[in-house]
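Bear in mind that the values here come from a model prediction, so they are computed numbers and not experimental data. Order of the sequence lines sets the chain letters (A, B, ...), proteins ahead of strands, with each chain counted from 1.
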Amino acid sequence: MPTLFGTPVRRKEDPRLITGHGNYTDDIRLPDLLYAAILRSPYAHARIRSIDVGKARALPGVVAVFTGADIAGKVAPIPTGWIVPEADQKLPPHPALAQEKVRYVGDGVAMVVAESRAVAEDALEQIEADYEPLTPVVDAEQAIAPSAPLVHEDVPNNVVLHWQAGSDVATAQQAFASAEVAVHRRFKNQRLVPNAMEPRASVAQYNPGSGELTLWTTSQNPHIVRLLLSGVIGVPEQKLRVVAPDVGGGFGSKIPFYPEEALVSFAAMQLGRPVKWTETRSENFLATTHGRDQIQDVVLYGTKDGKIVGVEANILANMGAYLSTAAPGVPTILFGLILPGAYAIPHVRIDVKGVLTNTTPIEAYRGAGRPEATFIIERLVDEYAHEIDMDPVEVRRKNFIPADAFPYNTSTGLTYDSGNYELTLRKALDAVDYTQLRQRQEKLRKQGHLIGIGTCSYVEICGLGPSKVAGAVGFQGGLWESAIVRVHPSGKVNVYVGVSPHGQGEETTFAQIVADTVGVPIEDVSIVHGDTAAIPMGWGTYGSRTTPVGGSALALAAQKVADKAKRLAAHLLEASPDDVVMQDGLFQVKGVPQAQATFQQVALAAYTAWDLPEGEEPGLEASSFYDPPNFVYPFGTHLCVVEIDRETGNVHILRYVAVDDCGRVINPMIVEGQVHGGIVQGIGQALWEGAVYDDQGQLLSGSMMDYALPKASFFPRFEVYRTETPAPFNPLGVKGIGETGTIASTPTVVNAVLDALRPLGIEDLEMPLTPQRIWQALQQHGGDRS
Amino acid sequence: MIPAAFDYYRAKSIQEAFFAKQQAGADAKWIAGGHSLLPMMKLRLATPPALIDINEIDGLSGIRLQADGLVIGALTHHAEIAHSEEVVRTWPLLAQAAGLIGDRQVRNRGTIGGNLAHADPASDLPAVALALEATLVAEGPSGRREIPASEFFVGPMTTALSDDELLTQVRFPVPSGKVGSFYCKYPHPASGYAVVGVAAVAQLGPDGKFQAVRVGVTGVGMWAYRAETTEKELVGKLPTQENIASAAQHAVDETDVSQDLFASEQYRTHLAALYTVKALQAAVQAIQ
Ligand SMILES: Cc1cc2nc3c(=O)[nH]c(=O)nc-3n(C[C@H](O)[C@H](O)[C@H](O)COP(=O)(O)OP(=O)(O)OC[C@H]3O[C@@H](n4cnc5c(N)ncnc54)[C@H](O)[C@@H]3O)c2cc1C
């Protein structure tokens, strides 16, 4: 059998998903199903004077209406799952329905449960909620001002956490003070709305006889949901089943445990009938977590000849109105530790204040912290290069951690596993013939064209991660993974995994690994994920961990199965296991061609158990729990060429080159797909996307009419290349690829745009670099005419 | 996400439609493609007590090139207009504009009648109807009347149609002489609607000077309008870059310029002038 590892096997999940045969949460229909709808606060900050649900309750078809008062003491507050050590982190309560106060536009106030969704929505209009509006605070900087209103009374100054990290303060300060060059910048890493294609949904079914509750929900991590749900609604974990069926994208916004998951469960228990809630797109904008939102005051220190001495970052991270499940870890651990990026930077100081505001809670969003960090270092490197009159590419090269320095300990305490950063840069430059490209740019500039070239060399920390480290950094769980490989009597294979793919393609890549290891055709392998009643414990899919951690668990389990199959085959063939080889689904005894057993024969023998080797258990399955010894650190260089339309301020992306290294590649097509999607999402932040609140906390960009998600037609063909530096710490040698594109493309494009504008004296622009923003800058600098 | 409850009538003839309307009351709405009305109903921004479906009324759909003009039935879908040879041959900008509307699904469902009757401030076809001096044919219980495009768009999402009138067809005059036309659209990156859309028709006389200029503009103000100052400024002048650019400075004289998150008043004004230049230049270029 040819090995499948490394080949572009077509996605096994696609026929189901693209022919409308997927099974999403909203597709679940149960007998006697009730429908829930949530009344949401129209105010960003208000005291609830009264809620009158009388008319709503009286509406025919309405079964129940619950308010904050109805659930108090019955549904515990929504917990956060990350408590950052030594950060003075506060834990403001997050009631599933607002009690006394609403804290953002979209905060849940009441839930209607009705015979149909239409009636439920009608009933929402009949609820009379009376609010006393309070002054809201929207901007993180304003929120920490002494006179600012408090989002939570017991969180002084709205500072919910204060985290510092980096190298020794005194030495760092000294190094900073004596640096020849200091580049100061203030960046705003704007708030983004994740907008997974499938909005959130939850369906709960309760069996009063057994006390068992099943929750189908749009989650990236059903086991985490089960654990938290158990605590919130008081159903013991063994009686809870959480199922994440097909999930249509998450990008981090389906990591958190959400109020609605608790509410439908509570309602199903109260009413003895199953209850479904499905989010509208408008609700998705308001009530599903957002991403990013940092104000970054940063400094890069260096020598005049291009050696970076240090980086300093003072960050205000807007956390929204409540601390979402993984949110505290995003602007701290996942952000700060990777700040030095791909460079050997001796001194790094990071100071992060997490700030509460009257806005939608922030969570991980594709990249989660790492895009925000990479943006800082990669923008600063460009500015620094300009300051000392050096090509930015040269500065990068000069400061890269050299290929022979791995494993490399950073000044922030990480150990980068493996890398060859320079190689990815070289490859990207070669792809465009950089020297010639710069010459052509010069020529075109003289003709009046605004042409810009931007690069970014990044390193990412992902494959989360060693559980010991998870504990040390305050993640309230483990980060290992598990898998069961179960061969059935017919020789067909099910694989049960604790990770929870929701679009990434692991039903294919995992099947490739198992097929290769066990020696069966890929068609004979199906991956089962998402159902806590079927799968072993696992922590879910995020942080580009599914393949490095979940895949490793799977590879180890598959190897155990392969080993046992071989022992059984040897027994059947009356040979020593050492003399048995497996080829093309056949076990053969070396040198005895007629002594053969098919994999199916061996599987059947394992289950009939008529004749097993001494001491061997029946059955053919194995499980493995895998806790990675380190994170993985994929890296790469992206390069982009843009031209700016002087008349409109529009950015045209002429070329986009990506060179990524994610270690060994299981399926190049899927890797490429992840890279494409990541690039697009990152450029979305650079050029178009941005959640805009007014000063009253109303989300102005609250629909697809205003919030510009990138479309395929906005882009040229991406030129995608790879280098392959195996990950040394996991059995597959793989690193993550799910987030790299998003991490790299934002600064790449911003650097390119600013490179185009720099001759006009434009040094910085806030994202998104919309046509209007660029046009205004052009006007101010006399660049709107060629 | 779910509209408020409403009654639904399906009319098989114009008479049936009028009858249903009489029964259902003034707030009842015609529904054609539903691609403007239904989104508003789902958000409960519109809550008509009844919908009268006109899709099965015979004779309201189709494209005919007649002596008195290019006649397009109100129910004709954008896609059909975009691909029609008659349209491409007669008024290429109309096919162009229809082809730039929304996405494929929208073009397959949305109708020219619905688009004009809805009169969204950022719809494409109103600009074209204005520039082509189309005639809109309306029928009501009290008879049939013809409304010139210049009198049709009267306010934000408001037209000269009365509640019980049905737009049945749109008639575009057939060009004569040396005429060129072009539609230039700056689509909003999110919605795809026109941030600015300019439909330009240029006719040159034997002396090579503008004999007639018509410029319809959408997306800029609360309803589509003719940039009459720009038009007047150009008549009798040579189609030079300078003349066009200077006239286009008046592109927003006839409107109050809107602003939103994407485009401020200033930026939109700039785009209006810029796209007027582009559309006029392309229209001149299109003259055979
Ligand atoms: C995603 C999306 C993108 C879009 N993008 C664009 C775009 O880029 N440019 C653009 O111009 N449009 C765009 N549209 C709108 C689209 O063109 C609509 O189809 C059109 O505006 C309305 O036509 P309809 O047939 O769907 O009308 P309906 O939605 O059925 O009706 C709209 C209104 O017109 C009335 N009406 C309909 N027909 C008649 C009639 N014959 N006589 C009298 N009144 C009538 C109805 O009562 C209603 O008030 C978009 C729509 C969507 C959903």
Pick one of side chain, backbone, both or neither for Met704(A), based on which atoms fall under 4.5 Å of a heavy atom in chain B. backbone
Contact part of Pro710(A) toward chain B, heavy-atom cut-off under 4.5 Å: side chain, backbone, both or neither? neither
Using only distance, no hydrogens or angles, which N or O donor-acceptor pairs sit under 3.5 Å between chain A and chain B?
unit_1    : atom_1 : unit_2    : atom_2 : d
Glu121(A) : OE1    : Met1(B)   : N      : 3.3
Glu121(A) : OE1    : Ile2(B)   : N      : 3.0
Asp122(A) : OD1    : Arg44(B)  : NH1    : 2.9
Asp122(A) : OD1    : Arg44(B)  : NH2    : 2.8
Glu125(A) : OE1    : Arg44(B)  : NH1    : 3.3
Glu125(A) : OE2    : Arg44(B)  : NH1    : 3.3
Glu647(A) : O      : His270(B) : NE2    : 2.5
Glu647(A) : OE1    : Lys278(B) : NZ     : 3.4
Thr648(A) : O      : Tyr267(B) : OH     : 2.5
Asn650(A) : ND2    : Tyr186(B) : OH     : 3.2
Lys711(A) : NZ     : Pro189(B) : O      : 2.5
Lys711(A) : NZ     : Ala190(B) : O      : 3.0
Gln772(A) : OE1    : Ser264(B) : N      : 2.5
Gln772(A) : OE1    : Ser264(B) : OG     : 3.2
Trp775(A) : NE1    : His270(B) : NE2    : 3.0

Using the test side-chain contact (heavy atoms from CB on, under 4.5 Å), find all partners of Ala283(B) that sit at least two apart in sequence or belong to another chain. Phe182(B), Ala200(B), Ala202(B)
Closest-packed option against chain A by number of heavy-atom pairs under 4.5 Å, given Ala5(B), Gly192(B), Ala190(B): Ala190(B)
